[in-house]
Number of protein chains: 2
Amino acid sequence: MKDSPEYLQKRAFFDSLLTIYGRKPVLEALEDFSLPVHKLHLADSNRRDQVITRIEQLALERQIEVAHHDRKSLSRISRNARQDQGVALDLAPPLYGSASAFLHDAASAGKNYELLALDGITNPQNLGMIIRSACAGGIDGIILPRKGCAQIDPLVIKASTGTLFKTRLLRCGDLAPTLAQFRERGARVYGLSSHARETLASIGTGKPTVFVLGNETHGVSKSAAEQCSDSLRIPMHNDVESLNVAVTAALICFRHQLG
Amino acid sequence: MKDSPEYLQKRAFFDSLLTIYGRKPVLEALEDFSLPVHKLHLADSNRRDQVITRIEQLALERQIEVAHHDRKSLSRISRNARQDQGVALDLAPPLYGSASAFLHDAASAGKNYELLALDGITNPQNLGMIIRSACAGGIDGIILPRKGCAQIDPLVIKASTGTLFKTRLLRCGDLAPTLAQFRERGARVYGLSSHARETLASIGTGKPTVFVLGNETHGVSKSAAEQCSDSLRIPMHNDVESLNVAVTAALICFRHQLG
C-alpha cells in the first residue's frame with residue numbers, strides 16, 4: 001500500500017540514501033570514517049585487485065553490510081553499468097535529503113535561507129564545480145532534481161574535489177513543482193537570465209531565496225521559468241551573452257563576501 | 001643583427017600576430033570580417049572538403065594572402081601537428097599585444113588598470129573559461145606567458161565562447177620577470193593563495209593591480225611568488241581548500257559589480 005506508514009517510512013529512508021559507484025569514489029568514501037554507510041554492493045564478476053581487496057577490508061573493519069550480485073543486478077543498483085566497475089555503495093550523508101523536507105522544516109521554523117536550484121545542468125564537470133563553489137561560498141543548499149540533470153557520478157565526485165559530502169543536496173523529482181512549493185511557502189524564486197531587468201546586486205537579503213540556474217545552451221526551461229517569481233541577470237561587459245553556469249553559481253554564492 | 005631597428009620592428013610586428021589553427025576556429029575567424037587577418041596557411045596534403053572550400057572562398061573574398069606548405073612546414077607554423085588539421089591563420093587582433101608594451105603605455109600615461117596574470121594554467125578548458133569571465137567581468141587584460149601555460153588552441157577558443165578577440169591578451173615569455181617589471185613601475189602584484197592573510201575584499205581600488213593566478217594543483221610558482229608584493233585569499237566556508245581557478249578569476253573580475 002502506497003500510503004501505509006511502513007511504506008512512507010521506508011521511502012523516506014531510501015530517499016535519504018545516496019548510491020555512488022566506481023572503485024575510486026567508493027574507496028574514498030569508505031576511507032572517510034565520518035561518512036555513514038548503509039550497504040556495500042559488489043558484482044560477482046569482479047576481479048580481485050588491490051582496490052577491491054582494500055574496499056572489502058574497510059567494509060569488514062567498519063562492519064558494513066556487503067551484498068553480492070550478478071553483474072546485471074549490480075547495474076540495476078548503480079543505474080550506470082558503463083561506469084560502476086562492479087562496485088556501488090549506499091551512503092547516508094548527513095547533508096543529503098529531500099527538498100520538500102527541507103522546505104517543511106525551514107518554513108515551520110521561519111528560517112531564512114538561500115538555495116541554488118539546478119534546471120537541466122547536464123554536464124558532470126559543471127555540476128561538480130557548482131557543488132564545490134556552493135560549498136566554499138557557504139550557500140545553504142542545492143536543489144538537484146532527479147530529472148533533467150546530471151546525477152552524482154564519478155566525474156561529478158571528482159570535479160567536486162572533496163566537497164560533495166560537505167554540501168547540502170536537496171533532491172526532488174521534477175524541478176517545476178518543487179519551485180512552486182517553495183514559492184507558495186514564501187520564498188522568492190529567481191531565474192537567472194541574461195535578458196532580465198533586475199540585477200543580482202539589486203536584490204536585498206533577509207528573505208528566503210531560490211536561484212534557478214538553467215541549461216548552458218537553452219537557459220532556464222519554460223516549466224521552471226513559469227514557477228519563478230522574477231528573473232535576474234549579472235551585468236556583463238563587452239556584449240558577452242552568458243557566463244559558464246558554474247561561474248554564475250560562484251558569483252551568487254560569494255556575493256556577500258566580495259562587497 | 002638582433003638590435004637593428006629593422007629587426008626590432010619586424011619582431012614587434014610578429015609579436016602582434018596570433019596564429020590559430022584547426023578548421024573550425026580558422027573558418028569562424030575568417031567569417032568575422034571585423035578581425036584583421038595577416039596570412040592563411042594551408043597544407044598541400046589537405047583533402048578538399050566543404051570547410052576547406054569555404055576557407056579558400058573567404059580568403060579570396062577578403063583578399064588575404066594564402067601560403068601553401070608541405071605538412072611538416074605547416075606544423076612548424078601551427079606548432080601543433082596533432083590539432084592543426086592542415087590549416088593555420090595569422091591574425092592581428094586589435095586587443096592582442098605584449099605585456100611590456102602595455103606596461104610602457106599605461107605607466108607613461110599614469111593610467112590605472114587591473115590585470116590577471118596566469119602562472120602555470122595548463123588546462124585549456126580553464127584558460128578558455130578565464131578569458132570568458134575576464135571579458136564579461138570587464139577586467140583590463142590577461143597576462144598570458146608563452147612559457148608554462150596552455151596556449152590558444154582550438155579547445156581554448158571553444159571554451160572562450162566567442163570572447164577571445166574581445167579580451168586584451170598580453171603576452172610575455174616568462175611570467176616572473178614581467179611581474180617584476182610591473183611591480184617596479186608601481187603596480188601592486190598580488191598572488192592568490194588560500195594561505196594568505198589579506199582578503200580580496202580588503203584591498204582598495206584606484207591603484208594599478210595585477211592578480212596572479214597559479215596552477216590548480218601547485219598554486220602560484222616560487223619564481224612568480226617572489227615577484228609578488230603580497231598575497232590575497234578569498235574567504236571560504238566549510239574548510240574548502242581551493243576554488244577552481246576560473247571561478248577565482250571570475251570572483252576577481254566581477255567583484256565591483258556584486259557589492
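We use all heavy atoms of the structure for the numbers below, so side chains are in, but hydrogens, waters and symmetry mates are not. Just so it is clear, the model here is predicted, and its values are computed rather than measured. Numbered from 1 within each chain, the chains take letters A, B, ... in sequence-line order.
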S.K.: Determine whether a donor-acceptor pair (N or O, by modelled atom type, separation under 3.5 Å) exists between the side chain of Q85(A) and the backbone of Y21(A).
M.R.: no
S.K.: Name the region of T199(B), side chain, backbone, both or neither, that has any atom closer than 4.5 Å to a heavy atom of chain A.
M.R.: neither
S.K.: Is a donor on one side and an acceptor on the other found under 3.5 Å between the side chain of Q151(B) and the backbone of R146(B)?
M.R.: yes
S.K.: When you measure from the centre of the six-membered ring of Y96(B), is the NZ or CZ of R171(B) under 6.0 Å away and within 45° of the axis?
M.R.: no
S.K.: Chain B heavy atoms under 4.5 Å from T161(A): which part of the residue, side chain, backbone, both or neither?
M.R.: neither
S.K.: With distance as the sole test, does R183(A) use its side chain to make a donor-acceptor pair with the main-chain N or O of S229(A) at under 3.5 Å?
M.R.: no
S.K.: If you measure from CG on N112(B) to OG1 on T209(B), what distance do you get to the nearest 0.5 Å?
M.R.: 6.5 Å
S.K.: Chain A: which of T167(B), V240(B), L251(B), D239(B) shares the most heavy-atom pairs with it under 4.5 Å?
M.R.: L251(B)
S.K.: Could you check which of A250(B), C135(B), A249(B) has the highest count of heavy-atom pairs closer than 4.5 Å to chain A?
M.R.: C135(B)
S.K.: When heavy-atom pairs shorter than 4.5 Å are enumerated against chain B, which of S202(A), S242(A), G162(A) gives the highest number?
M.R.: S242(A)
S.K.: Only pairs of heavy atoms separated by less than 4.5 Å count here; which of M236(B), K166(B), R132(B) has the most with chain A?
M.R.: R132(B)
S.K.: Is the backbone N or O of L115(B) less than 3.5 Å from a side-chain atom of D140(B), with the two atoms forming a donor-acceptor pair by type?
M.R.: no
S.K.: Checking heavy atoms, do the side chain of L200(A), its backbone, both or neither come under 4.5 Å from chain B?
M.R.: side chain
